[in-house]
Amino acid sequence: MSDTAPSLLLDSPSLIYRAFHALPRSIRDARGQPVNAAHGYLDMVSRLLIDQRPPMVTHVFDEDWKPKFRVDAYPGYKAKRAEDPPELPGQFPIIREVLRAAGMPVAEAKGYEADDVIGTLATAAGPQDRLAIVTGDRDLFQLVRDPVVLVLFPRRGTSDLVRMDEAGVLAKCGVPANRYVDFAILRGDPSDGLPGVAGVGEKTARSLVERYPTLDDMVAAGDELPPRLRSALASAGDYLEAMRVVVPVASKLEVESTEPGAPDPERLEELGERHSLRGPVRRLLQALRDAGLADPEPPKD
């Protein structure tokens, strides 16, 4: 990969959920509003700014976490996903308000998930661009493309990130990044309500991807496959067709993004006071300055 620091695309919902579960829900502002996820997410962003020194950071959000086109293709998509804990939804507007005051761009697309917006931005990146997607969602491995797009996968918050380029995806999953979609379709994803092809686990999915260039070639392999596997693929025709819609991230959306701008220190201070986020907001502003994304603090009289 190039030594040029990549711009960052943050899978904000993924990181906010991690922050929420990492910090006590007892962290609240003076009005009793929980702010643990906001506290954790802002500190994650500050750590990324300090460690990565990116030329740009874009926070990508879900406009719809369960898009209609995916549910239409497969009604089981996220059908059993638990509702958000009641302490979480109210923190998203707070986070977005702080990001706006910090001059950091926020991107989304009507009717789509953050993954789809990231997919569109990553696909549009040209040969000279350098992007790093920060996410805990392995589905975004499908976007890795040397030397343009890599994934930074958190092990412990954003202080310990695994750098996933094409070699990293191959080492981790046993399949190339450009075949990750086929691998995921076969294996399934219980967290999204996707069972995969019956009787096909990771090892079998990996071997099929290694042997056949497309899903169609797998289904057409016929007597080349053991009877049990041949029957499983033949029986999964409707499921495989649905997954061709559900699993790939979108790549040609109309993305709505706010413009980057200069931080508003007074507004940030006000929000920090109102939501008991003084420390995270102060650290964020300093991290923006240290990374060269905001003017240095003016000298005090």
Side-chain angles (χ1 to χ4, degrees), residues 5-20 22-63 84 86-109 114 117-118 121 132 134 154 157-159 255-301:
S7 295
L8 301 184
L9 297 176
L10 305 191
D11 180 2
S12 296
S14 169
L15 298 176
I16 290 168
Y17 274 85
R18 280 177 174 257
F20 177 80
L23 293 175
R25 302 183 193 189
S26 57
I27 299 176
R28 297 171 180 260
D29 63 20
R31 298 171 300 165
Q33 164 70 43
V35 291
N36 60 325
H39 191 293
Y41 181 71
L42 296 175
D43 276 345
M44 284 181 175
V45 175
S46 297
R47 173 51 56 191
L48 286 167
L49 289 166
I50 292 167
D51 291 348
Q52 305 297 325
R53 302 290 171 138
M56 172 77 78
V57 179
T58 301
H59 304 257
V60 185
F61 284 83
D62 295 328
E63 199 281 331
D84 283 341
E87 299 90 347
L88 180 57
Q91 299 192 55
F92 280 85
I94 295 172
I95 292 169
R96 294 173 73 123
E97 200 170 14
V98 172
L99 297 178
R100 190 179 309 114
M104 304 188 80
V106 169
E108 59 192 345
V117 178
I118 291 171
L121 297 175
V134 185
T158 50
S159 62
V255 174
E256 298 178 3
S257 180
T258 60
E259 293 295 324
D264 183 339
E266 292 184 3
R267 177 63 173 155
L268 286 169
E269 183 177 359
E270 176 192 341
L271 291 169
E273 289 289 337
R274 183 194 308 171
H275 297 295
S276 300
L277 294 169
R278 290 176 291 275
V281 166
R282 184 175 63 250
R283 289 188 287 273
L284 177 62
L285 180 57
Q286 188 59 53
L288 286 165
R289 288 168 170 161
D290 291 346
L293 297 179
D295 291 336
E297 185 176 11
K300 296 179 180 179
D301 294 335

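Just the heavy atoms: all of them, side chains too, but no hydrogens, waters or symmetry mates, feed the values below.
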Residues two or more places apart in sequence or in another chain: which of them pass side chain to side chain donor-acceptor pair (under 3.5 Å) with Asp51? Arg47

Just to verify, which of Ile16, Val45, Thr58 counts as forming a side-chain contact (heavy atoms from CB on, under 4.5 Å) with Leu10? Val45

Look at the side chain of Asn36 and the backbone N and O of Leu23, then say whether any donor-acceptor pair between them is shorter than 3.5 Å. yes

Interatomic spacing from CZ in Phe61 to CG in Asp11 - rounded to 0.5 Å: 10.0 Å

Is the shortest side-chain heavy-atom distance between Gln33 and Ile94 below 4.5 Å? yes

The reported gap from CG in Leu293 to CZ in Arg53 (rounded to nearest 0.5 angstrom) is 9.5 Å

Let me confirm one number: the CG-CZ distance from Leu42 to Arg282, rounded to the nearest 0.5 Å. 12.5 Å

With rounding to the nearest 0.5 Å, note down the distance linking CG in Asp290 to CG in Leu49. 9.0 Å

How long is the span from the OG atom in Ser159 to the CG atom in Asp43, to the nearest 0.5 Å? 11.0 Å

To the nearest 0.5 Å, atom OG of Ser12 lies from atom CD1 of Ile95 at 8.0 Å

Checking Arg18 now: which residues fulfil side chain to side chain donor-acceptor pair (under 3.5 Å) with it, not counting sequence neighbours? none

List in chain and number order the residues that pass salt bridge (charged side-chain N to carboxylate O under 4.0 Å, His left out) with Asp62, two or more places apart in sequence or in another chain; answer none if no residue qualifies. none

I'd like to check the salt bridge (charged side-chain N to carboxylate O under 4.0 Å, His left out) partners of Glu269; sequence neighbours left out, ordered by chain and number. none

Asp295: partners by side chain to side chain contact (heavy atoms under 4.5 Å, CB included), with sequence neighbours left out: none

Output all residues satisfying ring pair (Phe, Tyr, Trp, His ring centres under 6.0 Å) with His275, sequence neighbours left out; order by chain, then residue number. none

Enumerate the ring-ring contact (aromatic ring centres under 6.0 Å, His included) contacts for residues 31-51, please, sequence neighbours excluded, ordered by first and then second residue. Tyr41-His59

Please name the pair of heavy atoms, one in Pro263 and one in Pro265, separated by the smallest distance, quoted to 0.1 Å. O-CD, 3.2 Å

Which heavy-atom pair separates Ala102 from Leu288 by the least distance, and what is that distance? O-CD1, 3.8 Å

Of all heavy-atom pairs linking Pro105 and Ser257, the shortest is CB-OG, 4.1 Å

Contacts of Glu273 that satisfy salt bridge (charged side-chain N to carboxylate O under 4.0 Å, His left out) - sequence neighbours left out: Arg278

Sequence neighbours excluded, the answer for salt bridge (charged side-chain N to carboxylate O under 4.0 Å, His left out) partners of Asp29 is Arg31

Which salt bridge (charged side-chain N to carboxylate O under 4.0 Å, His left out) pairs, counting each pair once, include a residue from residues 255-266, with sequence neighbours left out? none

What pairs meet the salt bridge (charged side-chain N to carboxylate O under 4.0 Å, His left out) rule with one or both residues in residues 97-107, with sequence neighbours excluded? Glu97-Arg267, Glu97-Arg274

Please enumerate all residues that pass side chain to side chain donor-acceptor pair (under 3.5 Å) together with Arg25, with sequence neighbours excluded. Glu87

For residues Gln91 and Ala38, report the shortest heavy-atom separation together with the two atoms involved. OE1-N, 3.0 Å

Could you pull out the closest heavy-atom pair between Pro55 and Ala5, with the gap in Å? CD-O, 3.4 Å

